[in-house]
A.B. asks: 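Supplied in structure tokens, the structure appears directly below.
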Amino acid sequence: MKDNRSIEREDRVRIAFKTLGCKVNQYETEALKERCISRGYEIVRDEDFAHVYVINTCTVTNMADRKSRQFIRRFKKQNPDAIVAVTGCYAQIKPEEVAAIDGVNIVAGTNEKNNIIEYIENAMTTGYLDTCKEEVHVSSYEELCQYKSNGVVTLAEDRQRAYIKIQEGCNRFCSYCIIPYARGKIRSRDEAEILQEARELIQKGFKEIVLTGINTALYGYDKIGGAEGKAMKELLLTLSQLDGEFRIRLSSLEPAVINKEYVMGLMNIPKLCNHLHLSIQSGCDKILKNMNRHYTTTEYKDIVAAIRQKDPDFGITTDIIVGFPGEDEEDFLETARFADEINFLRIHPFKFSKRDGTKAAIMSNQVDAKAKDDRMQRLMKLGDKIESRVLKSMIGKTFRVLGEEILVDNKISTEPMLSGYTDNYIRVLIEGNNLDEFVNEFVNVRLISVCNGIVKGVIVDE
């Protein structure tokens with residue numbers, strides 16, 4: 001360090017990243033890491049000593065905000081002289097609140113994320129502890145709605161799975177959601193850039209390409225002829241024709257955007273995994289209407305029925321919010337019955353969290369914390385029960401699995417086992433010999449048992 005506490009540029013700068021929230025944030029962090037590597041930075045773990053800590057925040061719930069603040073304080077303890085740069089949705093929505101946290105040097109909103117390395121480098125040469133406390137870079141909503149490319153990103157922490165961001169923003173404005181204000185209107189990424197990124201990732205050896213976005217189903221809706229899933233279907237077909245052995249997974253689709261025809265248009269696309277994350281949020285039509293979700297439980301069931309008619313083993317996962325304003329006990333039980341009927345492979349439950357600036361935050365009949373906690377626990381227990389039932393129905397069947405890693409401490413065997421996921425998103429632990437040769441390879445696996453949510457399989461020749 002120099003006397004003015006700037007970092008000596010002849011030293012290799014150690015930089016650590018902490019990512020909270022969605023897969024889009026994960027992707028954007030990878031883009032920042034790739035840029036840092038190209039500039040000679042050393043990427044270290046967030047628990048290690050670093051000269052710079054970058055926190056890519058989420059603001060979907062109050063808990064997400066709280067976690068961001070906790071990491072800021074933790075990093076400043078790890079190195080009191082470090083630059084702490086905060087970006088992402090929390091920084092976009094509440095920049096003054098973030099800047100006021102002791103230890104924050106740089107705040108960059110979602111559309112300023114691409115510029116954060118330049119802000120950091122400027123801080124490293126100007127005595128950052130003295131000058132950057134109030135350095136805040138946040139775009140207006142109008143500026144936020146302009147698409148800014150991350151460039152082609154080919155770095156991924158996973159050895160087998162890589163994310164590709166295909167769109168940004170959302171214009172659905174669900175009554176509980178702050179994200180449209182943090183991310184702006186829908187903007188679709190250029191298809192040529194998506195394809196270039198996919199080619200490079202496949203050439204690097206990635207076997208699963210996950211398409212992600214703030215509202216992935218809206219890809220192409222801002223372009224002529226993009227509605228009703230046409231642009232998405234064309235993109236998936238083109239991706240499927242790329243050379244290489246790989247599969248494609250959609251991170252999520254919103255039933256507020258899609259319908260039965262949209263989904264059925266995707267069912268026969270080569271290399272597309274037979275799994276969808278369809279966020280129902282509530283199984284009660286009254287609550288769905290108050291959420292401004294633009295679909296009914298009947299319409300959701302129609303989508304599921306069409307999928308299951310085509311493929312009974314198709315994996316469907318979902319999100320459910322408990323304790324939305326006005327939700328009474330019968331509404332919750334209606335949601336529970338709905339979830340039980342659909343047979344979700346996995347339920348991700350959330351307690352309703354008031355977000356300033358949303359309609360739900362000022363609705364009457366807010367549900368008290370005790371009731372939300374109780375419903376959360378009951379839904380988690382129900383989710384485990386349904387998942388166990390679905391997994392048991394898969395026993396004896398054979399699925400294509402992408403081997404990911406060898407687990408020595410695997411809870412069900414004293415012998416090492418190969419961990420991987422089926423196309424329909426069932427995690428499997430596989431027994432056998434010479435398992436190392438199946439890491440990052442596709443293999444046919446027969447599911448033979450399930451215990452405490454862990455599925456065991458064996459490799460078969462088919």
Side-chain angles (χ1 to χ4, degrees), residues 23-24 26-27 30 152-167 189 191 194-213 216-217 219 229 231-253 262-278 307-308 310-317 345-346 394 397-405 418-430 435 437-447 455 457 459-462:
K23 292 179 175 65
V24 174
Q26 295 175 37
Y27 171 89
E30 297 305 318
V152 174
V153 181
T154 60
L155 183 71
E157 288 189 358
D158 244 320
R159 287 185 296 168
Q160 297 81 26
R161 183 181 298 107
Y163 296 109
I164 296 181
K165 177 181 172 182
I166 66 171
Q167 69 85 225
R189 189 179 180 190
E191 183 180 287
I194 296 171
L195 294 173
Q196 181 187 351
E197 190 165 292
R199 287 190 194 96
E200 294 191 23
L201 288 165
I202 294 165
Q203 288 171 3
K204 280 191 168 187
F206 290 97
K207 295 292 181 71
E208 181 169 304
I209 303 299
V210 184
L211 304 186
T212 189
T216 312
Y219 173 76
M232 175 67 83
K233 184 177 180 180
E234 289 177 352
L235 173 64
L236 290 169
L237 283 169
T238 305
L239 284 169
S240 291
Q241 293 164 7
L242 296 179
D243 293 334
E245 186 181 23
F246 66 97
R247 65 188 183 189
I248 305 166
R249 194 179 296 277
L250 288 173
S251 61
S252 65
L253 288 180
Y262 184 119
V263 172
M264 295 311 295
L266 309 181
M267 289 292 288
N268 292 320
I269 292 177
K271 298 184 178 178
L272 183 63
C273 291
N274 54 344
H275 159 249
L276 284 176
H277 186 80
L278 296 172
I307 291 172
R308 294 265 169 80
K310 183 80 173 178
D311 181 359
D313 296 330
F314 198 97
I316 299 175
T317 54
L345 173 61
R346 194 165 299 118
M394 303 290 177
K397 298 179 181 180
T398 297
F399 296 92
R400 191 167 180 250
V401 173
L402 176 58
E404 296 190 357
E405 61 179 335
L418 175 69
S419 173
Y421 278 88
T422 64
D423 282 350
N424 62 347
Y425 208 56
I426 297 172
R427 183 171 180 263
V428 186
L429 295 184
I430 305 160
L435 293 175
E437 64 185 75
F438 299 112
V439 173
N440 202 31
E441 296 293 341
F442 290 107
V443 60
N444 292 318
V445 175
R446 185 172 70 248
L447 310 188
V455 177
I459 297 171
V460 295
D461 295 321
E462 288 191 8

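Worth saying up front: this structure is predicted, and the values here are computed from it rather than measured.
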A.B. asks: Given the rule in the side chain to side chain contact (heavy atoms under 4.5 Å, CB included) test, do Val428 and Leu418 qualify, once you have shown the distances and angles that lead to the verdict?
C.D. replies: CA-CA 8 Å; Val428 186; Leu418 175 69; over 6 Å; no
A.B. asks: Is there a side-chain hydrogen bond (donor to acceptor under 3.5 Å, both in side chains) between Asn274 and Asn424 once you walk through the steps?
C.D. replies: CA-CA 5 Å; Asn274 54 344; Asn424 62 347; 5.4 Å; no
A.B. asks: Does this structure show an ion pair linking Glu404 with Arg427, if we count only N-O contacts that are shorter than 4.0 Å?
C.D. replies: no
A.B. asks: So do Thr317 and Ser252 actually touch side chain to side chain, heavy atoms under 4.5 Å?
C.D. replies: no
A.B. asks: Compare all side-chain heavy atoms of Leu211 with those of Leu239 and state whether any distance is below 4.5 angstrom.
C.D. replies: yes
A.B. asks: According to salt bridge (charged side-chain N to carboxylate O under 4.0 Å, His left out), does anything in residues 200-209 pair up with another residue at least two apart or in another chain? List the pairs.
C.D. replies: Arg161-Glu208, Lys207-Glu441, Glu208-Arg247, Glu208-Arg249
A.B. asks: Using side-chain heavy atoms (C-beta onward) and a distance below 4.5 Å, is Met394 in contact with Asp313?
C.D. replies: yes
A.B. asks: Without swapping roles, check the side chain of Lys271 against the backbone of Leu242 for a donor-acceptor pair under 3.5 Å.
C.D. replies: yes
A.B. asks: Please examine the side chains of Thr398 and Leu447, heavy atoms only from C-beta on, and report whether any two atoms are closer than 4.5 Å.
C.D. replies: no
A.B. asks: Can you find a heavy atom in the side chain of Leu435 that is under 4.5 Å from one in the side chain of Ile459?
C.D. replies: yes
A.B. asks: When you compare the side chain of Val210 with that of Ile164, does any pair of heavy atoms fall below 4.5 Å?
C.D. replies: no
A.B. asks: Do any N or O atoms from the side chain of Ser240 and from the backbone of Leu236 form a donor-acceptor pair under 3.5 angstrom?
C.D. replies: yes
A.B. asks: State, yes or no, whether a side-chain contact exists between Ile166 and Glu191 at a heavy-atom distance under 4.5 Å.
C.D. replies: no
A.B. asks: After noting the C-alpha distance and the side-chain angles of Phe399 and Asn444, does the key distance pass the side chain to side chain contact (heavy atoms under 4.5 Å, CB included) rule?
C.D. replies: CA-CA 6 Å; Phe399 296 92; Asn444 292 318; over 6 Å; no
A.B. asks: Which residues satisfy the ring pair (Phe, Tyr, Trp, His ring centres under 6.0 Å) test with Tyr425, sequence neighbours excluded?
C.D. replies: His275, Tyr421
A.B. asks: Below 4.5 Å, heavy atoms only, C-beta onward: do Phe314 and Leu276 meet side chain to side chain?
C.D. replies: yes
